[in-house]
Amino acid sequence: MSNELQNIKNRFGIIGNFPALNRALEKAIQVAPTDISVLVIGESGVGKEFIPKIIHSESKRKHQPYIVVNCGAIPEGTIDSELFGHEKGAFTGATATRKGYFEVADGGTIFLDEVGELPLQTQVRLLRVLESGEFMKVGSSQVQKTNVRIVAATNVNMMKAIQDGRFREDLYYRLNTVQIDMPPLRERKGDVHLLFRKFAIDFAEKYRMPELELEPGAVHYIENYTFPGNIRQLRNLVEQMTVVERNRNVTPEKLAEYIPMESHLPMVVNTPGTQKQSDFGSEREIMYKILFDMRNDINDLKSLTSELIKNRGTSDLSNHEKNLINRIYTPESQQNVAPNSLLYFENKNNDTPVIQNPTIISGQDESYEDVEDIEIEEHKPESLSLQNNEKDLIIKALEKHKGRRNKAADELGISQRTLYRKIKQYNLEE
């Protein structure tokens, strides 16, 4: 790491050595001496505000004004007046002429945070400033000049905003002369502990309390947490725990009370800036897949139990285990389920039980010849067509992965052998 980069980190209190973070800081240092516009891209809470500060401090404008404008916090009706100023009487309440940020920051730098939230009318005015340095106050016909360096930042997917008509494409390319990407905290696993220690020291000093320390298991916990709020969330977490917790040694269990790990159940995800794409078209299909996964797990367990009984006999089984196995494989295990239940399957032909029952011998005879293989027949339900949905899921998976069974099996959460059996069962052509 260069001395210049390390000095920048020390000056602005930036913690971390993640390569993408270093590249972002180095790019900021490189473009600082120029006057070109910069667009900072990153999720909320990643520290985008450090980039314009670095650019301003390393530029020839460092002794001139530096103004931060949160575009998302200013009402649409007043943002033009805030940015460009207004004349007396321009609108109700305009009792005096007022200078806007672009006039006040003449010769300096303006940081437009959340620039993706700008109204379209304001975007037209901003484009003119970027192209010619000219603007007009609200209610005035006099053109004024300004010499301002613009650095913008957003957590919005700009290409999606352009497609939706919420942001002008020409303004985007004017702002995005140089793009700097700030990485999310979940990608900076090696920096999470460093940041925690930095915040712990700061808040211990601020509140005059002992410093928090993470146990090894707690370090692993926070390094594998996704931190949707990024550095801001981590900072708030440390501050809260510094004030609330009496025990200064932080365990994984204590962290879980503040930031529980996410569930890994399948869910529909709509990533910002992308079209809605999901392996499951609806919540019902998600439930179908969960039910199929559970059924496959149960069938695998039954198959395993049968194989164990065949290979080992029943001499090592306790009475409780024998009773449990008998209950699983006997007709009584077919529980009475209400017809309106999600799990109700109607047997129209009143056939014998689907599972051929293995017999557990409770006497001294240790033979296992009476144990039969498990054979499962599929019965088409009338209340919910699970078979049809299972077939549709298999077809979708095979089409998505162009007939590659290993990929399709992973997608469905089943073994390749099970998938092959399903393909034969449904007469599917790959």
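Counting begins at 1 with the first residue of the sequence.
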Can you list the steps and then say if Phe18 with Glu187 is a side chain to side chain contact (heavy atoms under 4.5 Å, CB included)?
CA-CA 9 Å; Phe18 187 63; Glu187 296 179 2; 4.2 Å; yes
From CA spacing to verdict: side chain to side chain donor-acceptor pair (under 3.5 Å), Asn70, Glu114:
CA-CA 6 Å; Asn70 189 333; Glu114 304 302 338; over 6 Å; no
Please lay out, stage by stage, how Lys27 and Asn22 fare under the test side chain to side chain donor-acceptor pair (under 3.5 Å).
CA-CA 9 Å; Lys27 188 180 289 188; Asn22 290 339; over 6 Å; no
Passes side chain to side chain contact (heavy atoms under 4.5 Å, CB included), Phe199 versus Thr242? Steps please.
CA-CA 10 Å; Phe199 295 144; Thr242 299; over 6 Å; no
Take Asp113 and Glu49 through the side chain to side chain contact (heavy atoms under 4.5 Å, CB included) test and state the conclusion after the steps.
CA-CA 8 Å; Asp113 196 11; Glu49 66 276 5; 5.9 Å; no
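Using cut-offs of 30° and 60° for the angle between ring planes, the Tyr221 and Tyr225 rings count as parallel. The aromatic rings of His86 and Phe91 sit perpendicular, their planes meeting at an angle over 60°, well past the 30° parallel limit.
For the atom pair CD (Glu169) and CD (Gln163), the distance works out to 9.5 Å, reported to the nearest 0.5 Å. Here the CG-CD1 distance, from Leu39 to Ile150, works out to 11.5 Å after rounding to the nearest 0.5 Å. Between Leu195 atom CG and Ile15 atom CD1 the span is 6.5 Å, to the nearest 0.5 Å. The line from CG of Asp191 to NZ of Lys198 is 13.5 Å long, rounded to the nearest 0.5 Å. Distance CG/Leu255 to NE2/His220: 12.0 Å, rounded to 0.5 Å.
Here the shortest heavy-atom pairing between Met158 and Tyr172 reads CB-CE1, 3.6 Å. Across all non-hydrogen atoms, the minimal contact from Ile222 to Phe227 is O-CE1, 3.3 Å. Across all non-hydrogen atoms, the minimal contact from Ser140 to Gln142 is OG-N, 3.1 Å.
Gln123 places a side-chain N or O within donor-acceptor distance of the main-chain N or O of Arg166, the cut-off being under 3.5 Å. Under a 3.5 Å cut-off, the side chain of Lys137 and the backbone N or O of Gln144 do not form any donor-acceptor pair.
Enclosure of atom CD in Gln121 is not indicated, since only 12 or fewer non-hydrogen atoms of other residues, nucleotides or ligands lie within 6.0 angstrom. Heavy-atom contacts from other residues, nucleotides or ligands closer than 6.0 Å to NZ of Lys99 number 12 or fewer. Atom CZ of Arg197 has 12 or fewer heavy atoms from other residues, nucleotides or ligands within 6.0 Å. Enclosure of atom CD in Glu76 is not indicated, since only 12 or fewer non-hydrogen atoms of other residues, nucleotides or ligands lie within 6.0 angstrom.
Side-chain contact check for Tyr101 and Glu82: at least one donor-acceptor pair (N or O, by modelled atom type) lies under 3.5 Å. Looking only at atom types and distance, the side chain of Arg61 has a donor-acceptor partner in the side chain of Asn147 under 3.5 Å away. A donor-acceptor pair shorter than 3.5 Å can be found between the side chains of Arg232 and Ser44.
The side-chain hydrogen bond (donor to acceptor under 3.5 Å, both in side chains) test with Thr109 is passed by exactly one of His56, Gln64, Lys62, Lys53: His56.
Between Asp164 and Lys160 there is a salt bridge, since at least one side-chain N of the basic residue sits less than 4.0 Å from a carboxylate O of the acidic one.
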